[in-house]
Amino acid sequence: MPFFALWDRAFDWRPEYAQVLSPYRGELYGIEALNLAVQLHKSGDLIKRKGALDGIALFDKVIQIRNRTMSDPIYGYDFRTQRVDQCDVFNGELGFVGPHGYDKADWKRWNFRLQRFAVKFSRKGDIRINYGAELGKDARGRYLPDQRVEENLELGYAISVHKAQGSEFDRIYVVIPASKRQLLSQELLYTALTRGKRHCTLLIQRDAGALIDMRRRERCWLSRINSSLLGWHVAPPQLLKLEGWYEAGKIHEALSRDMVRSKSEVIIANMLHERAITFFYEKPLFAPDGTMYLPDFTLIWQGEEIYWEHVGRTTDPNYLARWEAKRAWYEQHFPGRLRLTYERTTAGASGAPLNVSAQADEVIKNL
């Protein structure tokens with residue numbers, strides 16, 4: 001059975017049957033690129049033969065992007081009354097494109113070119129909303145104004161998680177990229193997953209690092225709200241600024257299954273795991289004054305927490321400035337509980353730089 005026929009049988013003009021969701025609009029994993037990819041796969045041949053209006057072709061799935069109420073009317077044909085009249089269509093409504101009533105006898109002809117169409121929205125029952133040019137007359141015999149497609153509609157195969165709020169679909173496909181995680185949060189993922197009633201597929205790029213990253217406390221937007229019924233509390237600045245020093249970049253997997261940021265940290269994590277030393281990677285550490293940092297490793301040793309930092313880019317002045325501030329923070333709030341390794345900058349007894357493994361072995365022996 002052709003793909004187009006399978007699509008028609010699955011959806012049966014019900015846009016809520018299945019939906020692709022993405023947190024982003026741009027990039028290859030955003031809704032713009034995803035919509036074009038699905039449209040090309042489903043309707044590429046039809047577009048070549050019949051054309052499109054502002055990028056939308058016959059039988060495309062679409063989403064209304066502009067509120068159209070009686071103060072800004074749009075017109076549709078009501079099959080119950082068999083009249084064309086004003087209708088309400090709201091931002092976020094999903095539907096499927098079909099031939100305009102004037103073109104039902106012509107759209108299959110080889111020389112037909114699309115200049116108008118009607119959309120069947122899931123919430124509009126027997127009403128079809130008209131878009132394009134030369135839309136005919138209303139019930140009073142007045143010519144209808146043209147309705148520019150680009151001002152009203154976008155492709156709706158993939159929509160943003162934000163647009164999907166309040167909607168439910170039988171099946172959802174949630175795109176989670178490996179990079180550009182600034183918008184990802186626990187709340188956003190929860191919103192996406194709960195849009196599906198029967199089935200949910202997570203399309204995760206590369207590995208589960210993005211999901212692991214969302215478990216971190218600073219990925220919870222609720223914890224960053226500066227409000228309280230009993231007073232005003234300022235969130236730690238590290239929770240309010242996630243890029244740069246705290247940017248997600250955990251792309252290496254240790255033996256413990258922890259995702260870490262560098263190969264040197266993999267070596268450290270593996271050595272701790274092999275020696276059965278309990279540790280946590282980038283566990284938020286709060287000082288008594290409410291400030292917070294993320295130690296590279298938090299060790300549980302003889303009932304006490306020990307914090308281990310691996311100092312990396314020692315030739316980067318900005319990195320070193322941040323590191324010195326972090327070191328001073330440890331000395332002020334957690335004196336005597338910090339252990340350090342460096343990226344091949346510490347000299348051994350022979351004067352040669354110690355590698356990470358040798359440094360880590362010394363730290364572990366002296367716990």
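The model shown is predicted, which means the values in this text are computed figures rather than measured ones. Numbers here simply count residues along the sequence, with the first being 1.
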Under-4.0 Å salt bridge between [X] and [Y]:
X	Y	value
Lys48	Asp45	no
Arg66	Glu151	yes
Arg195	Glu168	no
Arg261	Glu282	yes
Arg275	Asp361	yes
Arg140	Asp138	no
Arg25	Glu154	yes

side-chain hydrogen bond (donor to acceptor under 3.5 Å, both in side chains) assessment of Ser262 paired with Ser264: CA-CA 5 Å; Ser262 69; Ser264 294; 4.8 Å; no

Please report whether the ring centroid of Phe96 lies less than 6.0 Å from that of Phe59. no

I'd like to know whether the aromatic ring centres of Phe79 and Tyr77 sit less than 6.0 Å apart in this structure. yes

Between [X] and [Y], how do the two ring planes meet: parallel, tilted or perpendicular, split at 30° and 60°?
X	Y	result
Phe117	Tyr131	tilted
Tyr330	Trp323	tilted
Phe11	Tyr17	perpendicular
Phe334	Trp329	tilted

Quick check: are there more than 12 heavy atoms from other residues, nucleotides or ligands sitting under 6.0 Å from [atom1] of [X]?
X	atom1	answer
Tyr190	OH	no
His199	NE2	yes
Leu28	CG	no
Lys104	NZ	no
Gln82	CD	no

The single option from Glu362, Gln359, His310 passing side chain to side chain donor-acceptor pair (under 3.5 Å) against Thr341: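 So, applying the side chain to side chain donor-acceptor pair (under 3.5 Å) to Thr341 and each of Glu362, Gln359, His310, only His310 qualifies.
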
Given the rule that I, L, V, M, F, W and Y join up when any side-chain heavy atoms are under 4.5 Å apart, are [X] and [Y] in one cluster?
X	Y	answer
Leu193	Ile159	yes
Leu367	Ile267	yes
Trp13	Leu58	yes

Please output the side-chain donor-acceptor pairs of residues 119-127 that fall under 3.5 Å, not counting sequence neighbours, one pair per line with the distance.
unit_1: Lys124; atom_1: NZ; unit_2: Asp88; atom_2: O; d: 3.2
unit_1: Lys124; atom_1: NZ; unit_2: Glu93; atom_2: OE1; d: 3.0
unit_1: Lys124; atom_1: NZ; unit_2: Glu93; atom_2: OE2; d: 2.9

Tyr307-Asp296 side chain donor-acceptor pair, cut-off 3.5 Å: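 No, because no side-chain N or O of Tyr307 sits under 3.5 Å from a partner of the opposite role on Asp296.
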
I would like to know whether Phe297 and Tyr281 meet ring pair (Phe, Tyr, Trp, His ring centres under 6.0 Å); could you show each step before the answer? CA-CA 5 Å; Phe297 300 92; Tyr281 184 72; 5.5 Å; yes

Apply salt bridge (Lys or Arg N to Asp or Glu O under 4.0 Å) to Asp103 and list each qualifying residue two or more places apart in sequence or on a separate chain.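 For Asp103, the residues satisfying salt bridge (Lys or Arg N to Asp or Glu O under 4.0 Å) (neighbours in sequence not counted) are Arg116.
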
State which residues pass salt bridge (Lys or Arg N to Asp or Glu O under 4.0 Å) with Arg80; sequence neighbours excluded, sorted by chain then number. Asp78

Within 45° cone of Tyr143 ring axis and under 6.0 Å: Lys137 NZ or CZ: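 Yes - Lys137 lies over the ring of Tyr143, closer than 6.0 Å to its centre and within 45° of its axis.
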
